[in-house]
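Since the structure comes first, as structure tokens, the remarks are kept for the end.
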Amino acid sequence: MTPNFITEIVERDLHSGKYPAVVTRFPPEPSGYAHLGHVFASFLDFQTAAQYGGRYHLRMDDTNPELATQEYVDAIADDLRWLGWDWGENFYSASDNFEKYYAYAEQLIRLGKAYVDSVSGDEMARLRGDAGTPGTPSPFRDRSVEENLDLFRRMRAGEFADGAHVLRAKIDLASPNMKLRDPVLYRILHASHYRAGDNWCIYPMYDFQHPLQDALEGVTHSMCSLEFVDNRAIYDWLMETLGFSPRPHQYEFGRRSLEYTVVSKRKLRKLVQEGVVTGWDDPRMPTLRAQRRLGVTPEAVLAFAAQIGVNRTNRTVDISVYENAVRDDLNHRAPRVMAVLDPVRVVIGNLPEGETRTLSLPYWPHDVIRDSPDGRVALPTGERVPPEQAVREVPLGRELYIEREDFSLDPPKGYKRLTRGGTVRLRGAGILRADEVETDAAGNVTTIHATLLEGDAKAAGVIHWVSAAHALPAEFRLYDRLFRVPNPEGDNPDDIAPDFDPERMSHENEAAPLDAGFLRYLNPHSLRVTRGFVEPSVASGPAQTRYQFERQGYFWRDPVDSREDALVFGRIITLKDTWAKETQKAEGRAPQAAQKAGKPQPGAPGPQAAGSRPQALLLTPEQEAEVARLTALGASAGDARTLVRDAQLLAFLGGAVQDGTFGQVASWTVNDLAAALRSGEVGVGAADLAPLATLLASGQITTRVARDTLARAAASGEAPARIIEREGLTTVTDSAELERVIREILAANPDKVEAYRGGKAGLMGFFTGQVMRATGGQADPKLVAQKLTEALA
RNA sequence: AGGGAUAUGGUGUAAUGGCAGCACAACAGAUUUUGGAUCUGUUUGUCUAGGUUCGAAUCCUAGUAUCCCUGCCA
């Protein structure tokens, strides 16, 4: 995992001793199959813990009895194990702790922090208010602890119908954060739970259950996606109210979508139901089961996950990143053999009937052999052998099959394959010349009569082939993207931001009508089936061997449908095909990348921004007067306008000395101290800043030193001038001293010096930085610039 | 509308006041018995406007755009 804001937090917490070890959890809801979206979240959760020597938990978030099933639990765990994760003993379910959550709920009631509400759902929504208006208390909000306890116990006992009552936290009905307006903790639901059976008729809500379970499991860093930011307030409220210590903390990350993919559970279900795909494991599906059946390896999936990156922005990842991870993995894993997917017959006139030549051809191209870390390469069995032993026998008879696409009666410009009268190299077998061509009534080529040339004839291209008498018939399933457009869920084909949820499987409102619009972007050619032939050597390879069929792509036997006597090969992924790209361009079709219409650039000048310049902020007459007063005292107009709109800054500045230093102190207040001032973390008064401003104005200290000192003083409360005096931070204006420092730096970075003299002017910043660092920021910048320019001339 | 989050090439991600880097994609060339792979090179970027600073992607101010929240889902 590359460093990111989560690893930064983990390192900080480990270093400070806040937690002895990091503990994370991946909490899927068992209400659907794991898919590529889950890979990202699970990788972040698991890999972070693994990387810092902690432990990771797999947890089934099964608080909703209507959605969770054992089948999904097993499938998710199975898929994650396939990826290589091993959580050991640490497999949990929310339903493990139903009894404990109940006890915490009673405790909350006893603390006066939760109450049983008995209004209808609609009424509760109405009372909650909206963004503009605060909520109003339910008539039941002030029930006594005894009454709440009694009602809650009777809720558990099953005395009430679904929806008759709920347990709510008593937090803040006026909060601008809607999540805090007395969130529901428990609901009545007379439903059988796949694990708890009929033991319960009340079920905890996510906001109550999740933090508690994190705490019970000893989780330290609880990661979730960005839309839970508002829920963190409940999380923290619960942890503090119940007094957990040490306690887990929630951190949110941005989601990652994938182009050309939908992962909405309901939409995937629709694809299955409509028969667009053959099932949840149809190799075109984004589910892990499907990718597994497709032949993608766990290593490739993990490599993909590691490349995506983590931050706090929702982003859409280019599908080519995934495809690249798959190809990159297979390139060094898949032995090369030949298969003809769409065959046309070739008769070699100068090869006697009945004669078979047996060729010994290498499984691997030279570059894979060259790059092998141990100097060996794999056989289809996986056994690693010296390169000279990694060969297979390939028969060559009088009749062959070649790819229909590899012969053309009317070759386009740049065509490097077989033409009438032309030559081409048969992979591993020599040069072939096409002499005569038979066609059927429709003009399709049926047979090519050819001659195998002896000696070292030349040919521009190389094509693959199989010997007709020896080849094994096979079915080929050629998969392509399920959708024609990057964002099938968008309103138009150019939208490229699919709604894609890495962690949750059921955020969708099951009751809302499903927008089936995405179906119109289905790729009609997402599956092409052909019948052709593979070379006989593959018969002896293990069933799970991934092969590269040269010039065609990576394939393996379909684990479900392939039979010993009826081979079915599925294409895992194509090879990159620059020729196809060229021909597309030649036909005037835009290459794929260009088809991606640029989305409107965020921040590109919109209609409003373009013409009108930002208008000055409107100030009240009182504020205008205050601005006039501050500017008269020496503050800049900009600083003054900022100051008058911020009471805290203004209050601080009220203590400033009103002399020649005022403008500087005002500037520091606005530019350097504002954030700390608002959070009440400034330990010095404005009056203490005047001596510092005087020192700066007189040139005795540099701006850099002044600001550093300011920050330190603000944090410690010590008078800045005293820090300067104690540490002797006055400006270095000694030319000889500076020249010495510069000489040392230049001597230590000869390459940079050369680059600078070669024209890389940006390096001046680097050198200045080095000098500043060496002098603790005390060097006079003007002098530094001058001396540096001289020294580098 | 109120609250919250975010903004770096075509895409994804680094740079924690000092060289805007890396990967994917694209393009060009080399190489190649896979139109694959590999190698070399090139194009393209700090949302906008001000400010602080010798120096700003980074700090300050204002604006713009996008996303999230107002389920008894998670």
Side-chain angles (χ1 to χ4, degrees), chain A residues 2-3 29 31 61 63-64 67 121 124-125 128-133 162-163 166 175-179 181 184 186-189 205-206 210 226-227 229-231 252 254 256 259 307-309 311-318 320-321 324 327 331 336 365-368 370-371 416 425 427-428 459 461-462 464 503-510 548 550-551 575-580 582 591 593-594 596 598 600-606 608-609 613-614 617 636 638-639 641-642 667 670-672 674-675 703-704 707 752 755 760 762-763 765-770 772-773 781-782 784-785:
Chain A
T2 50
E29 183 184 41
S31 63
D61 224 337
T63 53
N64 188 338
L67 296 177
M124 195 190 303
R128 186 155 30 226
D130 59 36
T133 51
D162 290 1
V166 292
S175 173
N177 179 355
M178 300 296 292
K179 295 280 183 200
R181 319 252 263 224
V184 173
Y186 263 94
R187 58 171 169 163
I188 300 174
L189 198 62
M205 307 298 290
Y206 168 87
H210 207 95
L226 224 41
E227 71 269 23
V229 173
D230 294 339
N231 303 58
E252 309 87 15
R256 294 292 176 273
E259 291 176 339
Q307 282 163 34
I308 294 178
N311 62 16
R312 280 173 67 85
T313 321
N314 293 329
R315 286 284 168 76
T316 301
V317 175
D318 201 312
S320 68
V321 175
N324 176 260
R327 283 197 189 99
N331 183 32
R336 273 56 164 177
H366 68 281
D367 52 282
V368 172
R370 183 197 60 213
D371 296 341
K416 295 202 296 191
R425 182 177 292 278
R427 181 66 189 226
V462 185
H464 58 276
E503 176 161 318
R504 299 169 358 180
M505 297 205 196
S506 74
H507 67 110
E508 308 153 64
N509 185 341
E510 293 279 340
Q548 184 192 108
E550 288 206 49
R551 305 208 305 128
L575 260 22
K576 275 207 234 169
D577 191 347
T578 50
W579 171 244
E582 296 240 339
K596 288 179 196 168
Q601 288 306 301
Q608 297 131 327
R613 60 186 182 80
L617 282 158
S636 75
D639 288 344
R641 297 181 72 84
T642 301
S667 169
V670 171
N671 289 303
D672 294 276
T703 314
R704 164 81 162 254
R707 299 175 77 159
K752 298 268 205 280
K760 198 162 157 103
L763 283 168
F766 166 79
F767 290 119
T768 310
Q770 292 295 306
M772 287 303 179
R773 187 156 305 158
K782 287 199 185 67
V784 171

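Basis for what follows: all heavy atoms, side chains included, without hydrogens, waters or symmetry-related copies. Letters A, B, ... mirror the listed sequences (proteins, then strands); counts begin at 1. Remember, it's a predicted structure, so these values are computed and weren't measured experimentally.
- Between the side chains of A/Ser320 and A/Asp318, at least one donor-acceptor pair of N or O atoms lies under 3.5 Å.
- The line from CD of A/Glu550 to CZ of A/Arg427 is 4.0 Å long, rounded to the nearest 0.5 Å.
- One finds a side-chain N or O of A/Arg128 lying less than 4.0 angstrom from the OP1 or OP2 phosphate oxygen of B/G71.
- The nearest whole Å value for the distance from the CD atom in A/Glu259 to the P atom in B/A25 is 13 Å.
- Applying the 4.0 Å criterion to OP1 and OP2 of B/G35, one finds that A/Arg551 has a side-chain N or O inside that range.
- For B/U13, the OP1/OP2 oxygens have no side-chain nitrogen or oxygen of A/Thr2 closer than 4.0 Å.
- Within the 4.0 angstrom heavy-atom criterion, base atoms lie near A/Gly428.
- Among the protein residues, A/Arg336 comes within range of the nucleic acid bases, having at least one heavy atom under 4.0 Å from a base atom.
- Between A/Lys752 and A/Pro3, the residue anchored nearer the 5' end of RNA chain B, judged by the nucleotide with its closest heavy atom, is A/Pro3.
- Across all strands, A/Arg704 comes closer than 4.0 Å to base atoms (heavy-atom distances).
- Around atom CZ of A/Arg773, no more than 12 heavy atoms belonging to other residues, nucleotides or ligands sit under 6.0 Å away.
- Within the nucleic acid shown, A/Lys782 has no heavy atom closer than 4.0 Å to any nucleic acid atom.
- Using a 4.0 Å heavy-atom criterion, one finds that A/Gly309 contacts the sugar-phosphate atoms exclusively.
- One N or O on the side chain of A/Ser175 and one on the backbone of A/Asn177 form a donor-acceptor pair closer than 3.5 Å.
- As judged by a 4.0 angstrom heavy-atom cut-off over every strand, A/Asp130 is placed among the base-contacting residues.
- Nearest nucleotide to the A/Asn331 side chain, out of B/A37, B/U34, B/C54: B/A37.
- Across all strands, A/Asp672 comes closer than 4.0 Å to no nucleic acid atom at all (heavy-atom distances).
- In terms of phosphate contacts, A/Lys576 brings a side-chain nitrogen or oxygen within less than 4.0 Å of OP1 or OP2 of B/A37.
- One distance of note links NE2 of A/His210 with CE of A/Met205; it measures 14.5 Å at 0.5 Å rounding.
- RNA chain B is contacted by both A/Asp230 and A/Val166; A/Asp230 maps to the nucleotide lying nearer its 5′ end (nearest heavy atom per residue).
- Regarding contacts with the backbone of B/G51, every side-chain N or O of A/Ser667 stays at 4.0 angstrom or more from both OP1 and OP2.
- As judged by a 4.0 angstrom heavy-atom cut-off over every strand, A/Arg427 is placed among the base-contacting residues.
- Screening A/Asn314, A/Thr316, A/Val317 for a side chain to side chain contact (heavy atoms under 4.5 Å, CB included) involving A/Arg256 leaves a single residue, A/Val317.
- At B/U13, one or more side-chain N or O atoms of A/Asn311 fall inside 4.0 Å of OP1 or OP2 (strictly under the cut-off).
- One finds no side-chain N or O of A/Lys179 lying less than 4.0 angstrom from the OP1 or OP2 phosphate oxygen of B/C68.
- Backbone-only engagement by A/Ile308 is indicated by non-hydrogen atom pairs under 4.0 Å involving sugar-phosphate atoms exclusively.
- The two atoms that bring A/Lys576 and A/Arg327 nearest to each other are N-NE, 3.8 Å, heavy atoms only.
- Phosphate contact (OP1/OP2 of B/A74, side-chain N/O of A/Thr63, threshold under 4.0 Å): present.
- Counting non-hydrogen atoms under 4.0 angstrom, A/Glu582 reaches nothing in the nucleic acid.
- Among the protein residues, A/Gly762 comes within range of the sugar-phosphate backbone only, with heavy atoms under 4.0 Å from sugar or phosphate atoms but none that close to a base.
- B/G71: glycosidic angle within 90° of 0, hence syn.
- Distance CZ (A/Arg315) to P (B/G45): 17 Å, rounded to an integer number of Å.
- Nearest to the side chain of A/Asp61, among B/A37, B/A74, B/C72, sits B/A74.
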Intra- and inter-strand pairing of RNA chain B, written as dot-bracket with Watson-Crick and G-U pairs under 3.5 Å and | for the latter, reads .((((((..((((....[..)))).(((((.......)))))....(((((..]....))))))))))).....
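- Between A/Asp371 atom CG and B/G36 atom C1' the separation is 14 Å, expressed in whole Å.
- Of all nucleotides listed (B/U13, B/U33, B/C68), B/U13 comes nearest to the side chain of A/Arg256.
- Backbone-only contact: A/Met205 has heavy atoms under 4.0 Å from sugar-phosphate atoms and none from a base.
- Using a 4.0 Å heavy-atom criterion, one finds that A/Arg707 contacts the bases of the nucleic acid, with or without backbone contacts as well.
- Among the heavy atoms of the strands lying under 4.0 Å from A/Thr768 is at least one base atom, whether or not backbone atoms are also near.
- The distance between atom CD of A/Gln307 and atom P of B/A14, rounded to the nearest whole Å, is 14 Å.
- With 3.5 Å as the limit, one finds a donor-acceptor pair spanning the side chains of A/Thr133 and A/Asp130.
- Remark: A/Tyr186 engages A/Phe152, A/Phe208 in a ring pair (Phe, Tyr, Trp, His ring centres under 6.0 Å) (not counting sequence neighbours).
- The distance between atom CG of A/Asp639 and atom P of B/A62, rounded to the nearest whole Å, is 13 Å.
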